[in-house]
Amino acid sequence: MKILVTAKRVEDPESKIKVKPDGSGIVTEGVGYKINPFDEIAVEEALRLVAKHQGEVVVVSIGSDKVQTEMRSAMAMGADRGIWVKHDGPCDADLAARLLKAVIEKEKPDLVLLGKQAIDDDQNQAGQILAELLGWGQATFASKMESLESEAEAAKTPGIAIDGKSAKVVREVDGGVETLQVELPAVITCDLRLNKPRYASLPGIMKAKKKPIAEMAPAALGVDTAVKVKVVKLSPPPGRKAGIIVPDVATLVQKLKSEAKVI
Amino acid sequence: MNILIIAEQQHGALKKASLNAVSAGLSLAQKAGGELHLALLGSGIGAAAEELKGYGAKVLHVVDNPALKDYLAEPYCEAVAQLAKSLNAVYVGAASTAVGKDLLPRLAAKLGAGMATDVLGFEGSGANVLFKRPMWAGNVIAEVEITTPVKVFNIRTTEFAAAPKGAAAEVKAEQVQLSGSYKTKYLEFKPVKSARPELTEARVVVSGGRGTKGNFKPVEELADELHAAVGASRAAVDAGWVPNDLQVGQTGKVVAPELYIAAGISGAIQHLAGMKGSKVIVAVNTNAEAPIFQVADYGLVADLFKVLPELQAAVKAGK
Ligand SMILES: Cc1cc2nc3c(=O)[nH]c(=O)nc-3n(C[C@H](O)[C@H](O)[C@H](O)COP(=O)(O)OP(=O)(O)OC[C@H]3O[C@@H](n4cnc5c(N)ncnc54)[C@H](O)[C@@H]3O)c2cc1C
Ligand SMILES: Nc1ncnc2c1ncn2[C@@H]1O[C@H](COP(=O)(O)O)[C@@H](O)[C@H]1O
């Protein structure tokens with residue numbers, strides 16, 4: 001079974017993001033970069049699935065030459081090879097999906113795993129767009145019934161159950177969890193509780209250096225790189241006024257009653 | 001110019017988030033200068049349609065079809081795309097619920113449209129409305145332009161008050177052509193049963209984090225005293241202490257209650273992204289340096305196991 005999984009390069013979720021004074025972008029000095037956390041979960045799930053069903057994990061990333069770092073991280077976790085779609089310039093979820101579609105038509109994977117959302121643009125769209133463009137089924141926000149502290153998780157059991165022709169996917173939805181069955185090939189997007197991604201081992205990191213990365217250009221894939229969503233301006237969010245520290249519960253209750261009037 | 005808002009029902013009951021989406025539609029209609037159409041899809045949804053029609057939209061399109069009983073992206077996408085096309089809708093929107101997030105990007109692709117997620121407001125007028133939306137866990141507010149003729153969006157419900165009652169819409173029963181050949185099958189739904197108010201709809205939310213060390217009892221008891229919903233940080237959910245559905249934050253639920261009490265939560269940016277729009281924030285944390293205190297109106301540097309029961313008793317005594 002061949003699984004294609006995406007790895008977007010994003011700002012480290014731990015770093016402080018600030019808007020440039022002219023609103024044209026964010027300040028990148030001092031900001032770390034890493035693989036999108038949801039994509040890391042997708043890579044982990046792909047590795048567990050091939051450990052169980054045999055096969056190959058191909059990692060794809062779209063971006064400047066820097067994204068090779070994140071592809072190497074995915075390969076250090078265990079992905080077999082990489083496809084780098086070289087594209088500088090803006091890339092909305094729609095363009096990412098159109099580029100991925102072109103790669104998928106070449107690679108013909110049995111399953112495509114993405115993160116549910118990229119933590120930079122927070123759009124939560126690419127997987128769903130991709131499924132429609134391919135005419136495939138989609139199962140978004142894949143999770144699992146067991147908790148991340150369960151024995152199943154400790155045993156690195158995949159949360160997605162595959163029987164050859166279809167996948168059973170537990171999804172996080174409003175008010176509970178839902179189970180869908182989706183025919184393969186399919187697009188599945190991964191949520192936080194699907195698994196705990198492994199750390200790359202030292203031998204894994206060494207091996208990853210020798211794994212192949214194929215380079216593809218949007219033009220060669222026949223994809224127009226015009227975006228549908230343009231970011232016009234960025235600004236900082238409205239701030240909250242700093243509050244006060246109260247000494248005890250009695251003062252808190254009094255403030256909530258007479259000052260804030262919320263209880 | 002037509003604006004189409006897709007409302008949502010679950011087991012025949014209208015979702016409250018739909019009324020926030022209607023309100024966004026009304027606000028957009030004012031800015032863009034269009035007419036508001038609503039769509040409701042499902043099977044056996046007469047009562048929900050009856051309720052939804054009274055909020056000032058021009059037309060309510062009802063697609064009542066047994067094939068749409070359980071929500072699935074493929075048939076819903078087919079049905080809504082047909083409606084949107086027949087109306088020549090320029091703007092197509094919904095609430096950022098689990099269904100809205102799953103369906104709308106697929107719909108946008110089917111309509112050849114660009115899409116904005118978690119829209120906070122609209123700027124400008126006519127067909128050139130800009131969409132305000134959060135990026136980087138709400139550290140940045142972006143204004144985005146959708147360059148396609150059709151523009152798809154889903155809205156952050158906390159930014160649009162539920163629509164007030166208004167003139168009755170004309171109700172139209174719509175027929176759609178469904179291909180019937182879908183790659184996905186709905187198997188089951190396991191609800192999280194709770195007698196407490198729904199997190200995104202509650203007036204008061206009491207949330208617990210890793211500081212509870214897995215004991216949510218003080219959080220729940222205080223919540224019950226205040227008729228509040230219970231929320232949680234990712235750490236508490238990941239540990240399996242409370243259901244996934246209770247996660248507040250960038251990648252969980254976004255809430256803006258009148259009162260949000262955070263107990264044993266440090267206040268990571270991803271958590272703040274889901275609650276900093278609350279009217280009043282109270283933080284209880286043993287660490288005076290915890291970032292949660294930077295957004296809290298009232299902070300208590302104290303042990304939650306001591307303070308929450310005291311607070312509960314005080315609320316009870318004050319009733
Ligand atoms: C991609 C991504 C998405 C994320 N999405 C979310 C999200 O949607 N929502 C979310 O919440 N997080 C999210 N996170 C996680 C986030 O970064 C934090 O790790 C998480 O919010 C921490 O949870 P916490 O505050 O409960 O735990 P901690 O940070 O460990 O804080 C626990 C706090 O409890 C205090 N404490 C301990 N004992 C007591 C006591 N007895 N009484 C009072 N206080 C006590 C401590 O001082 C500490 O401040 C996300 C992270 C990533 C990378
Ligand atoms: N430039 C990219 N390279 C690789 N994967 C991407 C890229 N952009 C988006 N994706 C994938 O699409 C998912 C959803 O992204 P988004 O719709 O932008 O929130 C991400 O988690 C990635 O898995």
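Reminder, nothing fancy here: chain letters follow the sequence lines and each chain counts from 1. The figures that follow rest on heavy atoms only: side chains count, while hydrogens, waters and symmetry mates do not.
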Is it the backbone or the side chain of [X] that comes under 4.5 Å from a heavy atom of chain A, or both, or neither?
X	value
B:Asp245	side chain
B:Ile146	both
B:Leu226	side chain
B:Lys15	side chain
B:Pro191	both
B:Glu188	both
B:Lys151	neither
B:Tyr182	backbone
B:Ala288	neither
B:Ala296	backbone
B:Ile269	side chain
B:Val284	neither
B:Ala268	neither
B:Glu198	neither

Is there side-chain contact between [X] and [Y], with at least one heavy-atom pair below 4.5 Å?
X	Y	value
B:Leu300	A:Val249	yes
A:Val232	B:Leu130	yes
B:Asp238	A:Lys196	no
B:Met115	A:Ile129	no
B:Asn244	A:Phe141	no
A:Arg240	B:Ile281	yes

Electrostatic pair B:Arg106-A:Glu132, nearest N-O below 4.0 angstrom: yes

May I ask you to name which of [options] has the most heavy-atom pairs under 4.5 Å with chain A?
options	value
B:Gln270, B:Gln250, B:Glu258	B:Gln250
B:Leu103, B:Thr117, B:Leu246	B:Thr117
B:Arg234, B:Glu74, B:Gln10	B:Arg234
B:Val282, B:Thr148, B:Val140, B:Val315	B:Val140
B:Ala302, B:Gly114, B:Gly299	B:Gly299
B:Arg203, B:Lys132, B:Lys193	B:Arg203

Any donor-acceptor N or O pair under 3.5 Å, side chains A:Gln117, B:Thr251: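 The criterion, which ignores hydrogens and geometry beyond distance, is not satisfied for B:Thr251 and A:Gln117.
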
At a heavy-atom distance under 4.5 Å, which candidate from [options] has the highest pair count against chain B?
options	answer
A:Lys168, A:Arg98, A:Lys230, A:Glu172	A:Lys230
A:Val182, A:Val177, A:Val231	A:Val177
A:Leu148, A:Ile244, A:Asp248	A:Ile244
A:Glu146, A:Gln125, A:Glu178, A:Glu149	A:Gln125
A:Ile263, A:Leu192, A:Thr251	A:Leu192
A:Asn124, A:Ile119, A:Asp94	A:Ile119

Taking [X] for its side chain and [Y] for its backbone only, find out whether a donor-acceptor pair lies under 3.5 Å.
X	Y	value
B:Arg133	A:Asp121	yes
B:Thr147	A:Val229	no
B:Lys185	A:Glu183	no

Could you pull out the closest heavy-atom pair between [X] and [Y], with the gap in Å?
X	Y	value
A:Gln138	B:Thr184	O-CG2, 3.5 Å
A:Val173	B:Ala98	CA-CB, 3.8 Å
A:Trp136	B:Lys183	C-CG, 4.3 Å
B:Val280	A:Ala260	CG2-CB, 3.8 Å
A:Gln128	B:Lys101	NE2-O, 2.9 Å
A:Ser147	B:Ala239	OG-O, 4.1 Å

Does any backbone or side-chain atom of [X] lie under 4.5 Å from a heavy atom of chain B? Answer side chain, backbone, both or neither.
X	value
A:Arg171	side chain
A:Val10	neither
A:Leu252	side chain
A:Pro13	both
A:Lys18	neither
A:Ser143	side chain
A:Leu184	neither
A:Asp92	neither

Are there over 12 heavy-atom neighbours, none belonging to [X], within less than 6.0 Å of that residue's [atom1]?
X	atom1	result
B:Lys190	NZ	no
A:Lys34	NZ	yes
B:Lys306	NZ	no

Test side-chain contact (heavy atoms from CB on, under 4.5 Å) applied to B:Leu72 and A:Leu180, step by step: CA-CA 9 Å; B:Leu72 279 172; A:Leu180 290 187; 3.5 Å; yes

Approximate separation, where rounding is to 0.5 Å, of A:Asp174 CG and B:Tyr71 OH: 11.5 Å

B:Glu145 side, atom CD; A:Lys233 side, atom NZ - distance, nearest 0.5 Å: 14.5 Å

Test side-chain hydrogen bond (donor to acceptor under 3.5 Å, both in side chains) applied to B:Tyr298 and A:Glu259, step by step: CA-CA 11 Å; B:Tyr298 305 108; A:Glu259 202 173 84; 2.5 Å; yes

